[in-house]
Amino acid sequence: MATSYDPDTYTKILLDESEQPTQWYNVIPDLPEPPPPPLHPGTLEPAGPEDLAPLFPMALIEQEVSTESYIDIPGGVLDVLRLWRPSPLFRARRLERLLDTPAKIFYKYEGVSPAGSHKPNTAVPQAYYNHQEGITKITTETGAGQWGSALAFATAQYGIECEVWQVGASYRQKPYRKTMMEVWGATVHSSPSDVTEFGRELLAQDPDHPGSLGIAISEAVSAAVADPTVRYALGSVLNHVLLHQTIIGEEALLQLAKVGETPDVLVGCTGGGSNFGGLSFPFLREKLAGRMNPTIRCVEPAACPTLTQGEYRYDFGDTGHMTPLLKMHTLGHSFVPEPIHAGGLRYHGMSPLVSHIREIGLVEAIALPQTECFTAALQFARAEGIVPAPEPTHAIAATIREALECKETGESKTILTALCGHGHLDLASYEEFLSGNLVDLDLDQAQITAAMETVPVIG
Ligand SMILES: *Cc1c(COP(=O)(O)O)cnc(C)c1O
């Protein structure tokens with residue numbers, strides 16, 4: 001028997017296990033034109049499967065370039081996802097009342113996963129496919145530690161070793177994420193580290209180097225290519241990662257249908273674009289098919305405004321020039337963002353797929369300062385109870401802006417957002433905010449200009 005929802009009181013919309021989507025959705029075949037391919041940095045030819053083979057298992061490379069609209073989720077992946085999926089969709093009635101808005105606010109909550117964010121949605125299939133292909137160890141980078149802990153959890157499920165390079169500043173600021181990774185059996189290095197050549201070079205220049213995601217990626221990639229039995233995993237940016245995250249939007253579509261709603265506005269925070277793509281692509285499919293017409297909006301930090309201020313061009317995904325060239329919005333691969341609290345949004349680039357759909361005008365983008373985000377987070381936490389991770393506070397702040405606009409205009413829009421993680425391991429950020437020490441960090445235009453000069457000039 002399907003649960004029925006009283007329209008005046010429902011709060012949490014659930015799916016039964018039997019209703020869980022069993023396919024991932026690939027948006028590329030539905031786009032008016034496909035995104036430009038990654039290029040081999042030496043030949044500037046499109047990077048082929050053989051270029052990616054030292055890094056990823058073949059099943060993921062096939063998904064990266066797939067032209068199929070739907071890909072079956074293997075049973076061995078669904079078994080693990082069922083530990084927390086389907087995830088709940090909430091109607092934020094208490095926040096609506098607090099804001100006194102006619103808008104209806106819905107949030108899809110991904111903090112119910114073991115690692116506390118959406119990242120395990122892709123960590124699990126990535127670990128699974130590596131295991132299927134006989135790989136026994138995976139390397140990766142992590143910023144605030146969300147991705148590293150997701151992969152540590154996932155590799156533990158399949159008995160694979162996991163080695164993580166964590167951005168030095170976060171390693172020192174957020175010790176509990178490191179402990180979490182170690183609980184799940186991973187080895188964690190502060191990046192730059194003394195275990196790779198690139199890391200040693202950087203440490204020689206500055207022993208207290210704060211690190212960056214771009215540097216940590218270079219270290220994890222170089223460790224993987226040095227050993228043919230080891231592969232690398234990326235927690236965002238690439239097509240296959242966004243593909244795995246579409247389970248968020250597919251579930252949300254079914255959940256909204258249960259209460260007879262379609263969104264007018266969708267907002268998601270964008271670091272590398274994966275939770276945003278995961279939530280929005282199934283709705284973009286519906287929009288492209290003319291079945292609904294939501295405005296879809298990316299929200300990024302003012303201190304790392306990749307989509308709103310970056311240039312759309314080919315750049316490296318990492319600082320050490322180890323990755324293929326990706327066509328994306330970029331602030332320059334040597335750009336080191338200010339240490340804002342939303343560590344997961346401190347990336348110089350953006351998913352090529354999200355960049356592409358932004359470039360062809362299918363989605364919008366805005367940038368918000370972190371004090372507005374934390375102010376919104378307190379409103380949210382006090383009304384709805386959940387303490388959000390610093391990253392989705394950007395989506396919450398944009399949701400609140402939209403809801404307050406509805407109050408002005410009297411429009412009753414339906415707003416959908418992803419609350420992509422909880423902030424239980426980010427309480428130091430809240431402590432700083434509550435004590436008045438969290439400030440907005442100015443964007444250093446000169447640093448962007450300098451970083452853009454290092455971006456390769458192509459064509
Ligand atoms: C990693 C992370 C992000 C940023 O990554 P996306 O790929 O843009 O989703 C945002 N929120 C949380 C909670 C994260 O862990």
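Just follow the structure's listing: the first ligand is 1, and inside any ligand the first atom is 1.
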**Message:** Under a 4.0 Å threshold between the charged nitrogen and the carboxylate oxygen, would Glu405 count as salt-bridged to Lys413?
**Reply:**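 Looking at Glu405 together with Lys413, the answer is no, because their closest N to O distance does not fall below 4.0 Å.
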**Message:** Between Glu402 and Arg297 (salt bridge meaning N to carboxylate O under 4.0 Å), is one present in this structure?
**Reply:**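 Yes, Glu402 and Arg297 are salt-bridged.
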**Prompt:** In chain order, what residues pass the ring-ring contact (aromatic ring centres under 6.0 Å, His included) check against Tyr70, with sequence neighbours excluded?
**Reply:**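 Scan of Tyr70 (ring-ring contact (aromatic ring centres under 6.0 Å, His included), adjacent residues dropped) gives Tyr25.
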**Residue that, paired with Leu331, satisfies side chain to side chain contact (heavy atoms under 4.5 Å, CB included) out of Ile448, Leu443, Val336, Asp315** =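 With Leu331 as partner, side chain to side chain contact (heavy atoms under 4.5 Å, CB included) holds for just one option, Ile448.
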**Message:** Within a 6.0 Å radius of atom CD on Glu431, are there more than 12 heavy atoms belonging to other residues, nucleotides or ligands?
**Reply:**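 Counting other residues, nucleotides and ligands, CD of Glu431 stays at 12 neighbours or fewer.
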**Prompt:** Can you tell me if Gln132 and Tyr158 form a side-chain donor-acceptor pair at under 3.5 Å?
**Reply:**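 No pair is found: no donor N or O on one side chain lies under 3.5 Å from an acceptor on the other.
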Contact table, ligand 1 N/O with protein N/O, distance under 3.5 Å:
unit_1	atom_1	unit_2	atom_2	d
ligand 1	7 (O)	Ser236	OG	2.5
ligand 1	7 (O)	Gly273	N	3.4
ligand 1	7 (O)	Ser274	N	2.8
ligand 1	7 (O)	Ser274	OG	2.7
ligand 1	8 (O)	Gly271	N	2.7
ligand 1	8 (O)	Gly272	N	3.0
ligand 1	8 (O)	Gly273	N	2.9
ligand 1	9 (O)	His118	NE2	3.0
ligand 1	9 (O)	Ser274	OG	3.3
ligand 1	9 (O)	Asn275	N	2.9
ligand 1	9 (O)	Asn275	ND2	2.8
ligand 1	15 (O)	Lys119	NZ	2.7

